[in-house]
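Reading through the structure tokens given below for one structure.
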Amino acid sequence: MSNLRGGLIGCGYFARNHLHAWQETSGASIVALCDLDASRAQGYAEEFGIEAVYSDADEMLRDESLDFVDIITHPDSHRPLVELAARHRVHVICQKPLAPSLEDARAMVAACRAAGVTFMVHENFRWRAPMRAAKEAAGGLGKLFFGRIYWRTAFEVYSRQPYLAEDPRFIIYDVGVHLLDLARFFMGEVEQLYCQIQRVNPKLKGEDVATIVLKMASGATCLVELSYASKLEEELFPQVLVELEAADGSVSLGPDFRLAVVTRDGVTCRTAGPHIFPWASAPNEATQESVVRIQQHWVECLREGREPETSGDDNLRTIELVFGAYESAETGVPYQVTATRCGSCAKEPRP
Ligand code: NAD
Ligand code: 89V
């Protein structure tokens with residue numbers, strides 16, 4: 001089978017990880033790059049040996065014969081770019097957070113469904129090796145009743161991603177989206193949430209601390225903690241720590257990927273770290289490996305006609321939790337999760 005041909009849109013900071021990962025992914029190649037700033041696309045074209053360079057995505061989609069596009073721009077541009085790809089009948093990967101509003105997110109999913117194209121949100125944290133290992137370990141422990149998923153750091157992220165300091169919605173929108181998706185990955189769907197936010201660093205426009213209590217549909221409770229203000233003994237950015245408690249034991253993913261599993265038979269510990277690619281850069285190795293994993297999953301889904309794990313439709317449930325968290329923080333009352341489905345979805349909403 002010939003390689004799938006991809007076009008990449010948005011050649012900024014994180015695109016470098018996608019481009020390295022595409023070189024590790026079998027069954028697909030990026031054949032064209034696009035950025036509004038053509039010099040950025042040209043720079044990556046030279047670095048990664050890609051010939052076609054564009055500053056207009058419509059032109060790229062008209063001129064190139066593409067199977068899919070990989071969109072790595074900020075969320076405000078996601079809807080027009082996804083709808084453009086759908087009009088060209090090209091499959092789409094789009095970075096998180098999916099969209100600035102639930103209305104936009106639903107419209108994007110509906111557009112892809114109507115065009116008959118596969119749509120995957122690049123929600124990569126659930127593809128990190130330690131997360132897969134923790135989920136597998138929890139599988140044999142019976143019903144989960146409690147989870148704690150947390151991100152507590154004081155890492156100075158603003159020099160590599162300056163836009164994060166300028167957004168009035170910061171930590172829930174940018175990182176919380178990953179951890180809320182992990183909550184669903186480990187514990188299933190959410191029924192209700194309550195959220196409190198704080199801005200500790202006055203130089204930021206948005207919140208840098210958030211605490212979210214999730215009531216899961218299963219009856220379990222899950223805490224999602226987010227902080228860029230935590231000056232702790234160990235600086236663990238960008239590690240996500242996880243504790244899962246179930247009827248017959250527990251799983252804890254601690255610092256530096258230490259996975260401890262308690263069963264009826266006792267305690268086992270091991271390191272569940274990522275494979276480190278030669279192009280990886282500390283401390284981002286687990287993220288970088290997850291990009292390879294999600295992109296390989298995408299190729300397999302396209303080849304086998306399967307829906308990706310983090311399809312647009314699936315991600316509507318995650319992004320609703322993000323907006324629900326802001327609503328709860330603003331109103332001070334719990335947010336009731338609705339049955340989020342795109343308008344034209346054939347599936348029945350969850351009761
Ligand atoms: P960035 O600002 O470094 O790059 C974005 C690029 O998109 C810029 O070069 C810009 O010129 C280009 N662009 C914007 N609109 C465009 C358009 N219409 N057509 C073509 N190019 C366009 O941003 P970044 O840090 O790379 O972040 C991009 C996305 O990736 C964001 O949604 C961010 O949340 C996400 N991200 C994800 C992860 C992860 O682990 N999943 C990590 C970092 C960033
Ligand atoms: O993973 C991300 O989406 C990044 C960061 C780790 C900084 O939050 O934006």
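Hydrogens, waters and symmetry mates play no part in the numbers below; they use all other heavy atoms, side chains included. We count ligands from 1, going down the list as the structure has it; atoms in each ligand are counted the same way.
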Heavy-atom nearest option to atom 6 (C) of ligand 2, drawn from F155, F14, W151: W151
Distance filter under 4.0 Å to V175 heavy atoms, resulting ligand 2 atoms: 8 (O)
Atoms of ligand 2, numbered as shown, that sit under 4.0 Å from any heavy atom of F125: 1 (O)
Exercise: identify the closest heavy-atom pair between I294 and V121: CD1-O, 3.9 Å
Heavy-atom side-chain proximity of S290 to V292 below 4.5 angstrom: no
R148, CZ atom: more than 12 neighbouring heavy atoms under 6.0 Å: yes
Row check, Y150 ring normal vs R152 NZ/CZ: under 6.0 Å, within 45°: no
Shortest protein contact, atom 8 (O) of ligand 2 (heavy atom only): D174 OD2, 2.7 Å
Aromatic F185 / basic K135 pairing, under 6.0 angstrom, 45° off normal: yes
Protein contact of atom 3 (O) of ligand 2 - nearest heavy atom, named by residue and atom, plus distance: K96 NZ, 2.6 Å
Nearest neighbour of atom 7 (C) of ligand 2 from the list Q161, Q95, H178, on a heavy-atom basis: Q161
Residue V157 vicinity, atoms of ligand 2 by number, heavy atom under 4.0 Å: 7 (C)
Short N-O contact, K96 and D174, less than 4.0 angstrom: yes
Pairs under 3.5 Å, N/O atoms on ligand 1 and on the protein: can you put them in a table with the distances?
residue	atom	partner	partner atom	Å
ligand 1	2 (O)	H74	NE2	2.8
ligand 1	3 (O)	Y13	N	2.8
ligand 1	9 (O)	D35	OD1	3.3
ligand 1	9 (O)	D35	OD2	2.6
ligand 1	9 (O)	R40	NH1	2.5
ligand 1	11 (O)	D35	OD1	2.6
ligand 1	21 (N)	L36	N	3.3
ligand 1	23 (O)	H74	NE2	3.1
ligand 1	25 (O)	Y163	OH	2.6
ligand 1	26 (O)	Y13	N	3.3
ligand 1	26 (O)	F14	N	2.8
ligand 1	27 (O)	Y163	OH	3.2
ligand 1	32 (O)	T73	O	3.1
ligand 1	32 (O)	K96	O	2.8
ligand 1	34 (O)	K96	O	3.2
ligand 1	34 (O)	K96	NZ	2.9
ligand 1	40 (O)	N124	ND2	3.2
ligand 1	41 (N)	Q95	OE1	3.3
ligand 1	41 (N)	N124	OD1	2.7

R160 N/O under 3.5 Å from ligand 2 N/O: no
Under-4.0 Å salt bridge between D181 and R126: yes
side-chain hydrogen bond (donor to acceptor under 3.5 Å, both in side chains) evaluation trace for D70 with H122: CA-CA 9 Å; D70 185 12; H122 187 112; 4.8 Å; no
W22 side chain near V299 side chain, heavy-atom distance below 4.5 Å: yes
Contacting atoms of ligand 2, where contact means under 4.0 angstrom from a heavy atom of Y228: 7 (C), 8 (O)
Heavy-atom side-chain proximity of Q336 to L193 below 4.5 angstrom: no
